[in-house]
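This is a predicted model, so every value here is computed, not measured.
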Amino acid sequence: MKSRALPQTCVLVVLAAMLISGVAAAQPADSLRREALSEARYLKSIFKTDAAIERLSEWVTPGVFDEEVLSELADCHFINGDYAAAAGTYQLLSLRAPDNLLYKVKQMQVAFRMKDYEASARIGREVLAQDSIPAVAALVGDAYNLANLSDSALVCYRQALALKPVNEAVVSKAANILLADKDYDAVLEMTGEYLALDPDNLTVTPIRGLAYYLSAQYDSSLVVFQKLEDLGVDNYPVHFYLGQSYWHTNVPYRAEPELRKAWAIDSSDANLAWTIAAVRTDMLIRPFDKYVEPWLDKATALIQPDSSLVSRIHQQYAKGYYGEEKFDKAIAHYQEAYRYNPSFIQALSSIAYCYERLKKYKLALDYYERYLKVARPGSRGYEFAKKSIDYIKGEIFMEE
């Protein structure tokens, strides 16, 4: 049979099908990669980061730098809390794309989360050398602060405030450093500059009041804390420092109500109880035993240690020294343990035994006899003490 030629239209259909087939075979790489990225971003958005990481990892090829895939992968590791993996990936991205500051910023954040504060500060400084970003300056300050490099932290906090003056969190952190250094003038200058822009700020205003109070500028601290109370702030520091300021400015009748308000919020401060007693004394409130003495009693009760706890602490000291045969030190702690808890009569027997081991037999005899007076007859400790007394008396006889 003769073969028949295909009609022209059929040829065109076949060629079109072949062309489409060829395109489909040629396009999978980029199309499937885009599809993977889209799917991973969706998984990340619904917090399925493990699944997103698995999907993206399919497109990571050794020796191939795919910035988009690696960036998404690093972000997923960061969200997932795998900071080591995130750090390594962001470092690679930063090296291969040095103009993209995002990767350095992320590196700095990861180092901070890993508590490698010095590395976080170093990377942050590299970012600031390229661009003055207030939030980065603040975070570098936090890193230095947590690394106990307060001077460097203060420099960065000042830089952050120069870039963005209205930042109450940065003012608070910087002021805390200055307060610790007792540089009250610097605190007043910093808070004054801030409050000129935000006069009623409830974070910075108390810091300014505290700086006035600590620098003994009581008239000024009174004004600040009274303003806070007028603004509706009802907390312990405001009432405490307002009351103290009134007292130091010789207005005890205004001080006492504020201090009582502070006590109603927190009744655990012995100094506050004493201050109320002192203010009432200055106000000549009588009789003493009814209006002043109860506050002194409260202060006294608050500074008394928990005797049972103190006894247990000394018992542990004593056991430790006893185990190392440091009997002199053990004796001292057993004596304190017994003083704080007289029901711990075992201390008497233990002291006696320590003296016995030190061959201080007369002291040992004294403590064994004291123990027998309070111990239960017939108990194992009682019988041990009796036998020990017989032995010690023999030793004392031999010495004499």
Side-chain angles (χ1 to χ4, degrees), residues 114-118 144-150 176-177 179-182 236 263 266-275 277-278 293-400:
M114 295 176 76
K115 299 185 179 180
D116 188 351
Y117 300 122
E118 292 188 15
Y144 277 129
N145 208 358
L146 289 166
N148 295 315
L149 298 168
S150 57
N176 282 334
I177 294 172
L179 287 170
D181 292 340
K182 299 183 179 181
Y236 182 90
W263 181 265
D266 183 358
S267 58
S268 64
D269 186 352
N271 180 60
L272 175 56
W274 175 85
T275 304
E293 188 175 33
W295 287 100
L296 293 175
D297 290 342
K298 293 177 194 294
T300 301
L302 286 168
I303 63 173
Q304 290 296 322
D306 180 343
S307 58
S308 63
L309 175 59
V310 176
S311 176
R312 292 198 302 274
I313 291 171
H314 282 292
Q315 288 176 43
Q316 291 305 120
Y317 272 116
K319 287 179 182 177
Y321 286 127
Y322 181 93
E324 294 182 352
E325 299 192 358
K326 296 177 179 178
F327 297 116
D328 282 324
K329 290 186 176 181
I331 287 168
H333 285 289
Y334 275 127
Q335 286 172 333
E336 287 298 289
Y338 181 68
R339 185 168 72 86
Y340 279 100
N341 181 13
S343 66
F344 178 49
I345 62 172
Q346 182 61 41
L348 298 173
S349 179
S350 297
I351 292 169
Y353 181 74
C354 289
Y355 277 130
E356 181 183 335
R357 290 291 303 274
L358 291 170
K359 298 187 178 183
K360 296 180 179 181
Y361 295 120
K362 290 184 179 179
L363 288 170
L365 179 61
D366 177 54
Y367 273 93
Y368 275 131
E369 288 177 340
R370 288 174 61 183
Y371 174 73
L372 288 179
K373 289 178 182 178
V374 292
R376 181 170 57 84
S379 65
R380 189 164 67 177
Y382 188 90
E383 294 302 319
F384 174 81
K386 282 179 64 178
K387 290 178 181 177
S388 297
I389 286 174
D390 291 339
Y391 168 77
I392 287 169
K393 284 182 177 178
E395 292 296 315
I396 292 173
F397 177 78
M398 293 296 291
E399 285 181 348
E400 294 175 347

Inset, instruction - Starting from the C-alpha separation in whole Å, work towards a yes-or-no answer on side chain to side chain contact (heavy atoms under 4.5 Å, CB included) for K386 and Y368. - result: CA-CA 8 Å; K386 282 179 64 178; Y368 275 131; over 6 Å; no
Inset, instruction - Dump the intermediate steps for side chain to side chain contact (heavy atoms under 4.5 Å, CB included) on F327 and K360, then the final yes or no. - result: CA-CA 11 Å; F327 297 116; K360 296 180 179 181; over 6 Å; no
Inset, instruction - Could you walk me through whether I331 and L363 pass the side chain to side chain contact (heavy atoms under 4.5 Å, CB included) test, one step at a time? - result: CA-CA 11 Å; I331 287 168; L363 288 170; over 6 Å; no
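Counted within 6.0 Å of CD on E118, heavy atoms from surrounding residues, nucleotides or ligands total 12 or fewer; the atom is thus considered open.
To the nearest 0.5 Å, atoms CG (L309) and CG (N341) are separated by 11.5 Å. Separation of atoms NE2 (H333) and CG (D328) is listed at 11.5 Å; rounding is to 0.5 Å. With values rounded to the nearest 0.5 angstrom, I345 atom CD1 is found 13.5 Å from K373 atom NZ. The distance from atom OG of S268 to atom OH of Y236, rounded to the nearest 0.5 Å, is 7.0 Å. T275 contributes atom OG1, which lies 10.5 Å from atom CH2 of W263 (distance to the nearest 0.5 angstrom). For the atom pair CD1 (I351) and CZ (R370), the distance works out to 7.0 Å, reported to the nearest 0.5 Å.
Between A347 and Y334, the closest heavy-atom pair is CB-O, 3.7 Å. Contact record, S311 with A337: OG-O, 2.8 Å, taken as the closest heavy-atom pair. Closest approach of A364 and A352 over heavy atoms only: CB-O, 3.3 Å. The minimum heavy-atom distance between A299 and W274, with the atom names listed, is CB-N, 4.0 Å.
Using a 30° and 60° split on the angle between ring planes, Y391 and Y361 fall in the perpendicular class, above 60°. Ring pair Y321/Y317 is parallel by interplanar angle, where below 30° counts as parallel and above 60° as perpendicular. Using bins of under 30°, 30° to 60° and over 60° for the plane-to-plane angle, the ring pair Y322/Y353 lands in the tilted bin.
Of the N and O atoms on the side chains of E356 and Y367, not one donor lies less than 3.5 Å from an acceptor on the other residue.
Contact check for K115 versus Y117: side-chain heavy atoms found under the 4.5 Å cut-off. Considering only heavy atoms from C-beta on, F344 stays 4.5 Å or farther from H314 through its side chain. Two residues are said to be in side-chain contact when any heavy atoms from C-beta on lie closer than 4.5 Å; N145 and N176 fail this criterion. In this structure, S150 and Y144 have side chains that are not in contact, with every pair of non-hydrogen atoms separated by 4.5 Å or more.
By the side-chain hydrogen bond (donor to acceptor under 3.5 Å, both in side chains) test, Y340 pairs with no residue at all, sequence neighbours left out.
Sorted by first and then second residue, the salt bridge (charged side-chain N to carboxylate O under 4.0 Å, His left out) pairs with a member in residues 331-350 read E336-R339; sequence neighbours excluded. Among residues at least two apart or in separate chains, there is no salt bridge (charged side-chain N to carboxylate O under 4.0 Å, His left out) pair with a member in residues 266-275.
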